[in-house]
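This report refers to the structure that appears directly beneath it.
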Amino acid sequence: LSYSPASTACFRTFDCQTFDDGFGTFLKADLSLSCTAADYDWYRAYASLMVLVYPIGIPFLYAGLLFRDRKALQNETLRMRALNLHDDDDDEMEQADPQVQRLRMTIMLWETYEPKRFWWEFFECIRRLALTGMLVFIVPDSISQIAWAQLMGMLALSMHLFFNPYDDKLDDIVANSAAGCLCINLLAAMLIKTDVVGSDMYELPPEGKDGVSKAAFDSMLVFLNVLVILLAVAVVAYQACFAREDDDEKEEEEGAVDVDLVAAVEMSVMTTPADRRPSRMRDGSFSLENPVGGAVVERKGKTVNRAEL
């Protein structure tokens, strides 16, 4: 969330405005600072360094981390092991495979994407940068600025429609709808800027060159944007309910497996000689040697572990 505003703040340090009649050149973000002053040179040098560190450095850092583990990220087994790993369990983290540990450290970059689209977060950073920070270098409120944003929006929409990167197809539907709505909004901005749609009741003609009322146009845009928001809310609500059902089913399956293991232990007690029967521990658990595999089944409460002797 902080990437776009922080990147824009860095780029705005280079955006100066020159006033007529020799009044001077000042920073648009802070008109009290002259772009010809000695202090501004220090600000510009610091901003140049920060551009390399944050707007440019962050995407390429993500790309390096993701492409380093690209083979593991496309391996379903390793992905699932990394997703099921618990950060708060130190013993589990230490016993895990080093490659799985490394995937767990970057889970926020690839968790929601398909294995083959592991690189999508890098593209998302570039997209946000092109639609926010890069606009600083184009004349504000100009058709050129809107055209650049429209071009980047259409490119992003095309990428979304072609790759469908999200692991959950409902997320793809929301992302495609939002990208399409952004393109429509930018097209509307261009129509208003060129007076095709009336932008002010005091301008002539008030309904634009094509006789389109701005009030009707605004109503259509509001409807489209609200529709996308409602779609996103509905998808989130559905996913939350679906996740709860999955958790309940998982608990039932674990309970069924637990009952089967208990039955197996009881059967082993009946068929095992006295010197090989389970021994109860002080903490209430018990261990049973498997006469075939030489393994020990340990049980306490609902937790069942199997370890070698």
Side-chain angles (χ1 to χ4, degrees), residues 1-16 27-30 43-70 73 82-83 87 102-141 145-168 171-183 185-186 189 225 228-229 232-233 235-236 239:
L1 295 177
S2 63
Y3 177 74
S4 296
S7 300
T8 302
C10 291
F11 286 123
R12 290 181 67 185
T13 310
F14 305 97
D15 189 18
C16 295
L27 188 66
K28 285 185 179 180
D30 183 3
Y43 290 127
R44 185 171 55 185
Y46 178 72
S48 299
L49 177 61
M50 289 299 103
V51 166
L52 295 176
V53 171
Y54 206 80
I56 297 177
I58 291 296
F60 283 95
L61 173 63
Y62 287 172
L65 293 173
L66 292 171
F67 280 92
R68 179 193 63 182
D69 298 325
R70 59 187 180 277
L73 288 171
L83 289 170
D87 296 330
R102 201 162 59 186
L103 291 182
R104 184 68 187 183
M105 294 173 63
T106 59
I107 190 171
M108 66 174 184
L109 302 179
W110 54 265
E111 181 180 12
T112 57
Y113 305 122
E114 292 183 353
K116 293 183 179 180
R117 312 292 182 243
F118 65 90
W119 47 268
W120 193 260
E121 191 64 27
F122 169 72
F123 171 77
E124 276 294 298
C125 287
I126 300 300
R127 180 189 68 84
R128 290 195 291 267
L129 186 64
L131 288 172
T132 55
M134 296 299 295
L135 295 178
V136 172
F137 298 102
I138 305 176
V139 179
D141 300 325
Q145 190 180 54
I146 300 174
W148 169 264
Q150 177 74 10
L151 178 62
M152 294 299 103
M154 293 178 63
L155 175 61
L157 176 60
S158 301
M159 292 284 286
H160 274 285
L161 292 174
F162 182 80
F163 288 105
N164 287 318
Y166 290 95
D167 194 39
D168 192 330
D171 291 337
D172 282 325
I173 294 175
V174 174
N176 293 337
S177 301
C181 188
L182 174 63
C183 291
N185 279 286
L186 292 171
N225 284 274
V228 172
I229 294 174
V233 171
V235 168
V236 171
Q239 289 174 335

With the side chain counted from C-beta on, respond yes when S48 and F14 share a heavy-atom pair under 4.5 Å apart, and no when they do not. yes

Drop me the distance from T8's OG1 to M134's CE, to the nearest 0.5 angstrom. 11.0 Å

Provide the closest heavy-atom pair for S177 versus V228 in the form atom of the first, atom of the second, distance. O-CG2, 4.0 Å

CG/L129 to CD1/I58 distance, rounded to the nearest 0.5 angstrom? 11.5 Å

Can a donor-acceptor pair be found between the side chains of E114 and N164 at a distance below 3.5 Å? no

side-chain contact (heavy atoms from CB on, under 4.5 Å) between L131 and L182, worked out: CA-CA 11 Å; L131 288 172; L182 174 63; 3.8 Å; yes

Do V235 and D171 have side chains that approach each other closer than 4.5 Å (heavy atoms only, starting at C-beta)? yes

Heavy-atom count check: over 12 atoms from other residues, nucleotides or ligands less than 6.0 Å from F60 CZ? no

R102 atom CZ: more than 12 heavy-atom contacts under 6.0 Å: yes

Between L186 and M154, is there a side-chain heavy-atom distance shorter than 4.5 Å? no

Considering all heavy atoms of both residues, which atom of I146 and which atom of A189 are nearest to each other, and what is their separation? CD1-O, 3.8 Å

Is it true that a side-chain atom of R117 and a backbone atom of F163 form a donor plus acceptor pair closer than 3.5 Å? yes

For R127 and A156, the nearest pair of non-hydrogen atoms, with its separation, is CD-CB, 3.4 Å

Rounded distance [0.5 Å steps], CG in L66 versus CZ in F118: 7.0 Å

Rounded to the nearest 0.5 Å, what's the gap from CD on E124 to CE on M159? Could you check? 9.5 Å

Counting only heavy atoms from other residues, nucleotides and ligands, does the tally under 6.0 Å from OH of Y3 exceed 12? yes

Minimal heavy-atom distance between L157 and N176, with the atoms involved, is CD1-O, 3.7 Å

If we ignore hydrogens and angles and just use 3.5 Å, is the side chain of Q145 paired with the main-chain N or O of L135 as donor and acceptor? yes

Under 3.5 Å, side chain of W110 to main-chain N/O of L103, donor-acceptor pair present? yes

Can you give me the closest heavy-atom contact between A130 and W148, atom names plus distance? O-NE1, 3.0 Å

How long is the span from the CG atom in L73 to the CZ atom in R68, to the nearest 0.5 Å? 9.5 Å

Kindly assign one of parallel, tilted or perpendicular to the pair W120 and F123, based on the angle between their ring planes and the thresholds 30° and 60°. tilted

Quick one: closest heavy-atom pair of Y54 and P59, and the distance? O-CD, 3.7 Å

To the nearest 0.5 angstrom, please state how far the CE atom of M105 sits from the CG atom of L65. 8.5 Å

Geometric class of the Y113/Y166 ring pair [parallel <30°, tilted 30-60°, perpendicular >60°]: tilted

